[in-house]
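See structure below.
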Amino acid sequence: MLNGKRVLLIVAGGIAAFKCHDLIRKLRGQGAHVRCVLTDAGARFVTPLSLQALSEDKVYTDMFSLTDESEMGHIQLSRDADLLVVAPATANILARMAAGMADDLAATVLLATDKPVLAAPAMNVRMWSHAATVANVETLKKRGITFVGPNDGAMACNEYGPGRMSEPAEIVTAIEALLTTSSALKGKRALVTSGPTREAIDPVRYISNHSSGKQGHAIASALARLGADVTLVSGPVNVADPVGVKLVKIESADQMLEACLAAGKLDVAIFAAAVADWKSAKPADAKIKKKPGAPPPALELTPNPDILATVSKPGAQRPTLVVGFAAETENLVANAIDKRTRKGCDWIVANDVSPATGTFGGERNTVHLVTADGVEEWPTLAKDEVAARLADRIAQQLGRPRAVKAAE
Ligand code: CTP
């Protein structure tokens, strides 16, 4: 996907710098050319030699190097790139970027560039949530800098929270989103639901499921890469926000339905979310307390709205193409065919989510595409590849004049 693209990777000083090795490998595996700029602090974590060996190119570290400047000035470094990636983007380099500093080679290249810049933040959770960093990130976003991550998780400093650098595969996906746009879906409006929903039992407890949001988020990215105007309605997930997509974060199925209906007139809607089928009939306003000797409280459930079935209803507001998912653990295809009719959607992407398949939370997916014309069995693919293939099929379908479809 990145064949021939030139990425200038700026490695700043954070423990996550070690992930750059894998990032370079993955980018080169996709056919990209990677050239590295390493800051002084970055060189405390990774060596120029390792970056040079993996990128098979010279590593630039010093703004005042006579040889570097004569071979490749700082302006030329950014001119030669299709995209600049700052990974890890530490609190310090983000602050220097926001302030327009040019106090080392990395900051100078970033100030001098007119190319797209992607930043993958990595820092302690309190540094990330500090008002100074929040303001810097806001400033940089306003200037058009794209962010991937950070993710929630355990940190090197033994704390937990947002601040972990996105995984190399997520950074590669964000790079693809910035570099490989096409216009197959330009002017089309798309809605994608993703992740689980959470149904409150009381203010501290909820009902949910194992959906990671990886497949839904990948579909939103793939549609955006084809030029669609994408709204992603997502339950709580721990994957990077897709680039170039309007993200609406919700918790419950009721909120997801409301956000979907608010998306307006759509060309295509894809329902990849694992919506909880039931919610508590009477969520408690205060935490339900244990009473010594008393039996556990009974949990009365009531059905959630079926979002896919609601949006699939015939009418002027119905999207041209409605795609549902079927998460099954047995009779995959038969259940998916039945679900397509029952829900009134056009296509169903059926996936086996039995624990043995590793689909929930995993990187790969084996799907069947059920349409009015029959059932297609797709090979096992990375979730990104399933998403790209589905987006291409959607583009074909939306581009197809109705008369041609009827003649087939
Ligand atoms: N879906 C939805 N709203 C719900 C339940 C499901 O929009 N309340 C959507 C899902 O996003 C998916 C499709 O319906 O696109 C099928 O979801 P799935 O969980 O496979 O099926 P269910 O409708 O929940 O049926 P069952 O649990 O009986 O398999």
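Residue numbers count from 1 along this sequence. When a ligand or atom number is given, it counts from 1 through the structure's own listing order. What you see is a predicted model, and the numbers here were worked out from it, not measured in a lab.
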Ser194: what forms a side-chain contact (heavy atoms from CB on, under 4.5 Å) with it, not counting sequence neighbours?
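Checked Ser194 against side-chain contact (heavy atoms from CB on, under 4.5 Å); matches are His217, Leu232, Ser234.
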
Of all residues at least two apart in sequence or in a different chain, which pass the side-chain contact (heavy atoms from CB on, under 4.5 Å) check with Pro203?
none

Residues in the immediate environment of ligand 1 (any heavy atom closer than 4.0 angstrom):
Phe271, Ala273, Val275, Asp277, Pro305, Asp306, Ile307, Leu308, Gly324, Phe325, Ala326, Ala327, Lys339, Lys343

Walk me through whether Thr380 and Val367 qualify under side chain to side chain contact (heavy atoms under 4.5 Å, CB included).
CA-CA 7 Å; Thr380 300; Val367 311; over 6 Å; no

Could you name each residue pair satisfying side chain to side chain donor-acceptor pair (under 3.5 Å) that touches residues 97-106, not counting sequence neighbours?
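Those involving residues 97-106 are Arg96-Asp103, Arg96-Asp104.
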
Do the charged groups of Arg393 and Glu376 touch, with an N to O distance under 4.0 Å?
yes

Carboxylate-amine/guanidinium contact Asp306 Lys343, below 4.0 Å:
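Salt bridge flag = yes for Lys343 with Asp306.
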
